[in-house]
Undergrad: 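Here it is, the structure in full.
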Amino acid sequence: MASIDPSKMTDLHEIRAALDKLREAERQEDVALWAQLGRHSDMQVKMGALHRTAPKLAKLQGNAEALAITVGSTCHIAENVSSKVRELDTIKVRLQETLAQVNEVLGLRDCVDGVDDALKGGDLAAAAQAIHKYLQYDPEALRDHTAAVLDAGMSTIEHLELKKSELVEQLTKAFDATAEAVLQEPGRFSELDSLAALYPLCGERDQGLHAYGRFLAAFIGQGSEQQLKQKLGGADFTCVALMTALAERVATTIESKSAFVNKHYGVGRVIPLIEQLQRQCDIDASKILEQFEADSKAAERVAAVRQHTDDEPTPETSAKALEPLVLSLVSMIQCVEMYCRYVYGHVTKTAKAAEALLVEQGEADSGPVPEPVSGPAVLAVDPAMVAKLSGEMKERVHGVVGQYICLEEHIFKQNVAKAVALNTLETPMSKTTTLVDDAFFVIAKSARRAMSSLHADAICAILNNIRALLEVDYILIFKAQLKAGLGGGGLVEIPRNISVSIRKGFMQFSSTSSSSGDGHSSESEVLIALNNIGVSREHTVKLKADLESEAKKLFATAALTDQQKISSCLSELADTIQQFDQTLKTGMSNMCRSFVRPRLSELIDGMLEYVTTEADVAAFDGGSPFAVSLITGLESILNNYTPSLLPTNCDTLVAEVAEDLAGLIEEAAFRTTFNRLGGILFDKDIRVICDYLTSLTEWSLRGKFARCSQMATLLCVESLGEVQEYYSATASVAIAGRLTPVQVKDLMRCRKEFANLHHEIGSLHLHS
């Protein structure tokens, strides 16, 4: 409580308030004092208990001091014992090291005795095991602790090194002799493998692997040389068969010897072995390719094809004569590609296994695995070396790929030109000519043959050539036919750079067609050309789908770059399909403009006026006489064309007719007089006509009659105010987006009821 200074109080009220506070403070102090007095007895009891405990605590203190003295003496004894134990541990470690050194000395002595006895007895395997045991010791430790001198005056290590050199020399002689024998008698392969397995035990991994690879390469080369000599001697061997046998021989050797090399020489070391085999494979493949060129004279025939591109095919450059050569080229390319895929896949798999094993050894708690002096047991593989393998062989076959591309293009162009020259109708009722099926049979055959080569660059080149043929040469034949049938109706002429062989075939077909006098009209020629375009489009779609499916199977395990190349080339066929679509649409539009539109104009001329009564509107439930007559005329017109058209082209024709008809009706409506009931009847006619045309196709055609339907709606209004509402700022965009304000006013002037309201019609404020 704050102190109160009575000298500063001058007011009676303040003095009384201060007095009340003092009384309250006094009351609280009394309460606290009585509470303390009430706990006095309890405090007396607790103090008595403490006085009684004091003697016990003094006794406990004495016991604790005695225990501290005992613990101190025990600790001193324990420290003395611990120092003795440490001394014993040191002595034990030194004793173990001494025993190990003694064992090493004894072991080295055993190695010396073992290698001496084995070499005297000619047991190379036992000698290799003794040297292998010696190589397991730490060289530094051996130099420090095994300086014992043998009878010959040399140290143990010097003696073992000498015996190692002697063993390697004897092993090399034995290996070379056995290798020569195995080349004569392949049945002794296991004996040679046993000798090859001794090199790693002697610490000569690289030398052994090189010797083993040299023998395997010689074995492969011997087989190729024997087969080539047999062929030259008259045996029934083709160069393709020789190349296939070479690839199989190398692949079989790699597959059968990989496990042996991984076990005895280390994981990943089969890759240097494959390098040796691949060098021999490249040499043998070059010899086979040279013999293939000598037999087939492919380079000469390719030069003849390139030199006489614009001439008539000779017996040597005809497609029939070149077909066997092309098949041989494809088989040769396919063989090399399959072999290269195998080698790349096997080497990649081995490299991944070696890398995983290196990581596993690096993370092992037991530390690194001891390595022989000749190198690590696991070989770290260079990715660049993996990519280089079989690359030279692919380069050697690159010339064959170029020859194949040239001849394949020549063959399918020549065959397509022949199909163009022989183009005709199989029967008078045929809807397409023979050109389409014949040309696409040739094209599909070439595409699938290219796909079977498995060579991405060759496949892409052939696909690009096929696409160029379809887009430049093939499709322009039909464009020329359409232009001739339509009387120069807006399609482009055949350019001068079209393939000469196909141009000649087309000229031959044109002269034969014009002189045959078969009586075909220009309309039927146009319809057949349109059908040919439609079927060509379907064949292109099918060809693209089939090739994509085949590519997924053949290139599932190929390099990603090869997959992307082929996928890109196949996707470009979509542009060819789009070009067929555009040509078909343009041709159908020009045909309708030339043949159909004049007849439609005659039918629309019967649309004179729509001034009618309610009775007429009720009576004409199926449309006005004009609509019935128009539908009858449409049916007659379409029946002249639909029997000769393909179903898809019929749909296109109906859509084109609907678009032309809607435009003609719209033009006629601005020249016709209507009353309101006539507008209702006109709306009914538009629906009837649209329903009829829609029944002829699966396509939706109502959008083509949208402007006509809007005109019918406007013609049914009772007043100009309704027109103002339709075209106000808040009107529906679907209505306001069809006819322009000028067209709406012109249409309103066709209403008989508004004939005298020219000023009011002109004053309408319509939003476009």
Undergrad: Would you confirm whether Thr434, through its side chain, and Thr424, through its main-chain N or O, come within 3.5 Å as a donor-acceptor pair?
TA: yes
Undergrad: Quick check on the 6.0 Å ring-centre criterion: do Tyr265 and Tyr212 meet it?
TA: no
Undergrad: Atom CD of Glu426 and atom OG1 of Thr432: how far apart are they, to the nearest 0.5 Å?
TA: 7.5 Å
Undergrad: Between Lys413 and Glu409, does any side-chain N to carboxylate O distance fall below 4.0 Å?
TA: yes
Undergrad: Any side-chain heavy-atom pair from Leu216 and Gln276 closer than 4.5 angstrom?
TA: no
Undergrad: Is Ser224 reaching over with its side chain to a backbone N or O of Gly221, donor-acceptor style, under 3.5 angstrom?
TA: no
Undergrad: Would a distance-only check, ignoring hydrogens and angles, find a side-chain to backbone donor-acceptor pair under 3.5 Å from Gln414 to Ala319?
TA: yes
Undergrad: Side chain of Asp562, backbone of Ala558: donor and acceptor closer than 3.5 Å?
TA: no
Undergrad: Take Asp546 and Arg448 through the side chain to side chain contact (heavy atoms under 4.5 Å, CB included) test and state the conclusion after the steps.
TA: CA-CA 9 Å; Asp546 291 346; Arg448 289 190 174 90; 3.2 Å; yes
Undergrad: Between Lys544 and Glu572, does any NZ, NE, NH1 or NH2 come within less than 4.0 Å of an OD or OE carboxylate oxygen?
TA: no
Undergrad: Mind telling me whether His539 and Phe440 have parallel, tilted or perpendicular rings, with 30° and 60° as the class edges?
TA: tilted
Undergrad: Does the pair Asp176/Arg214 count as a salt bridge with the N-to-O cut at 4.0 Å?
TA: yes
Undergrad: Please verify the inter-ring angle class for Phe260 with His264; under 30° counts as parallel, over 60° as perpendicular, anything in between as tilted.
TA: tilted
Undergrad: Check for me whether the distance between the ring centres of Phe189 and Phe219 falls short of 6.0 Å.
TA: yes
Undergrad: Under a 3.5 Å cutoff, is there a donor and acceptor pairing between the side chains of Asp282 and Gln278?
TA: yes
Undergrad: State whether Arg301 and Glu316 are salt-bridged, where the test is any N-O pair (Lys NZ or Arg NE/NH1/NH2 against Asp/Glu carboxylate O) under 4.0 Å.
TA: no
